[in-house]
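Note that the numbering runs from 1 along the sequence shown for the chain. Note that the coordinates shown come from a computational prediction; the quantities given were computed from them, not determined experimentally. Both ligands and their constituent atoms are indexed starting at 1 by order of listing.
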Amino acid sequence: MKRTLTTLFAAMLGAALFGQVKVAVHENAQDQPVIPKEIYGQFAEHLGRCIYDGIWVGKDSPIPNVDGYRKDLVDAIRELKVPVLRWPGGCFADEYHWRDGIGPLSERPKMINSNWGGTIEDNSFGTHEFLNFCEMLGIEPYISGNVGSGSVEELAKWVEYMTAKGGTLAELRAKNGRVEPWKVKYIGVGNESWGCGGNMTPEFYSDQYKRYATYCRNFDGNRLYKVASGASDYDYNWTKVLMKNVRNDISGLSLHYYTVDWGKKGSATEFTDEDYYNVLGKAVEIDEVIRNHEAIMDLYDPKHRIDLLLDEWGTWFDVEPGTNPGHLFQQNTMRDAMVAALTLDIFNKHTARLKMANIAQMVNVLQAMILTKGSEVVLTPTYHVFRMYNVHQDATSVPVAFQCDSLASTSGRLYPVLSVSASKSDAIHVSLSNPSVTDSKTVELEFDALKPSKVSGEILVGKGKGMDAVKSHNDFGGKNVVSPAAFKDFKTSGRVIKVTLPPASVVVLEIN
Ligand code: AHR
């Protein structure tokens, strides 16, 4: 496989490709926005083993658990500081009837999860189990409501059940073990309503949105943030029609973008360098897709009253051999870590309109943080990137400037030769990624005025060299080959930190 350099970019390459890259870090820039912590959000669907085996094993399980939630997962998720969690779907949400998931376990009906492998769903994880999980971990819940096959009344009553202090539904909630209402801020009015959520046109959905949203009430001081089901990828018409038709009673419009080639998803662990660069190119295309949706939103909403929420994103590969094709269980390599790092660097710079993003999904599905098998747990390279990057949550954005050259993969997708983002809280944090499979990269970070006195760092890199390193992943049986290590390959001199990034590495520096 040959890597081609587009002539368009050949002239620009020079320093960034073959020598040192100079990155100006403007730590003194004034009036910079805050990076909303919610862009580090997650998604958990009743799909495969995300909920059952992943989050929930039940109180009587031999697997160590905290009130039914597996303990290893609770500990790992706590470390990530997950700000918001979307549930119960996805496509599942539009077939979910919340009353099936409350009350005594023995009385909860069973349903067929027709979106995801026809698995029997016994509803043992329902509203209480989800909201208590969020409460225990300090996570903001994001409820995805059923518009496709549920009624306006059903959604309205769900909101009342969760958030009202008095009335018959509050009494029922108390009878089921919860007296005080929960705080629920985010409510999604349908999911992928153009597809599995009802195959609607944007015009029809706009009217449906208004009906359903009207009856989602604010009870007893709980204030809802209502999210309209948004476009997929490049469907700019959906965004346009929604923005034109829905002007009130809406706080956010969603968008879904997966790093996938639907014609040939490919293996999560066996791939060539060209596959790797194609995937990175597809991942960073999210920047342009976000910008295009934002531009449409700007036309109809110049005052930014409505946020953009990327409430599903991540890599989508073939399922692991021998697993249920409907369960979307895939391994996770340094390639996924690189996708996560490049994408989060992009989100860190889209603070004006992009206010939330939810990676798909938290455990055992698609680009998961965590994989489980029986009592074993694996933290994926993606998990480590999210842990390393959580320093950017709610920090003030720090602009960085450098000539960001791009290379083209054989399929013509452009990927950057370097990715950087920075923020300021109690310290300055700079995240840097070198996507190259073969070449190290030397980066000079030059600050406006700061002469760093104390610098430390962490690095995530695969094992071995070249593609072996990129394909590195953690696996069951204690095969833990990718985990962050202390990073020391930098030198400080005056206002400059000179950093050497090995091939296919992700580094986060803490600078005082
Ligand atoms: O995350 C898996 C599925 O992808 C979700 O259920 C759906 O919304 C999307 O198509």
Min N/O separation W316 to ligand 1 under 3.5 Å: no

Parallel, tilted or perpendicular: ring planes of Y161 versus W98, cut at 30 and 60 degrees: tilted

Distance under 6.0 Å and angle within 45° of ring axis: R86 vs Y186: no

W56 and F125 aromatic ring geometry - parallel, tilted or perpendicular at 30°/60° bounds: perpendicular

Geometric class of the F92/Y96 ring pair [parallel <30°, tilted 30-60°, perpendicular >60°]: tilted

Any N/O pair C91/ligand 1 closer than 3.5 Å: yes

Numbering as shown, the atoms of ligand 1 that approach L366 to under 4.0 Å (heavy-atom distance): 1 (O), 2 (C)

Distance filter under 4.0 Å to F43 heavy atoms, resulting ligand 1 atoms: 1 (O)

Sub-4.0 Å heavy-atom contact, W116 with ligand 1: yes

Ligand-residue contact atoms, ligand 1 with N191, heavy atoms, under 4.0 Å: 8 (O)

Check: Y258/E312 side-chain N/O donor and acceptor closer than 3.5 Å: yes

Closest candidate by heavy atom, reference atom 4 (O) of ligand 1, pool Q361, H46, E312: E312

Shortest heavy-atom approach to atom 10 (O) of ligand 1 - which of H256, Q367, E45, E192: E192

Shortest protein heavy-atom distance from atom 1 (O) of ligand 1, along with the residue and atom involved: Y258 OH, 2.8 Å

Any donor-acceptor N or O pair under 3.5 Å, side chains T119, H327: yes

L253 CG to H293 NE2 distance, which is reported to the nearest 0.5 Å: 8.5 Å

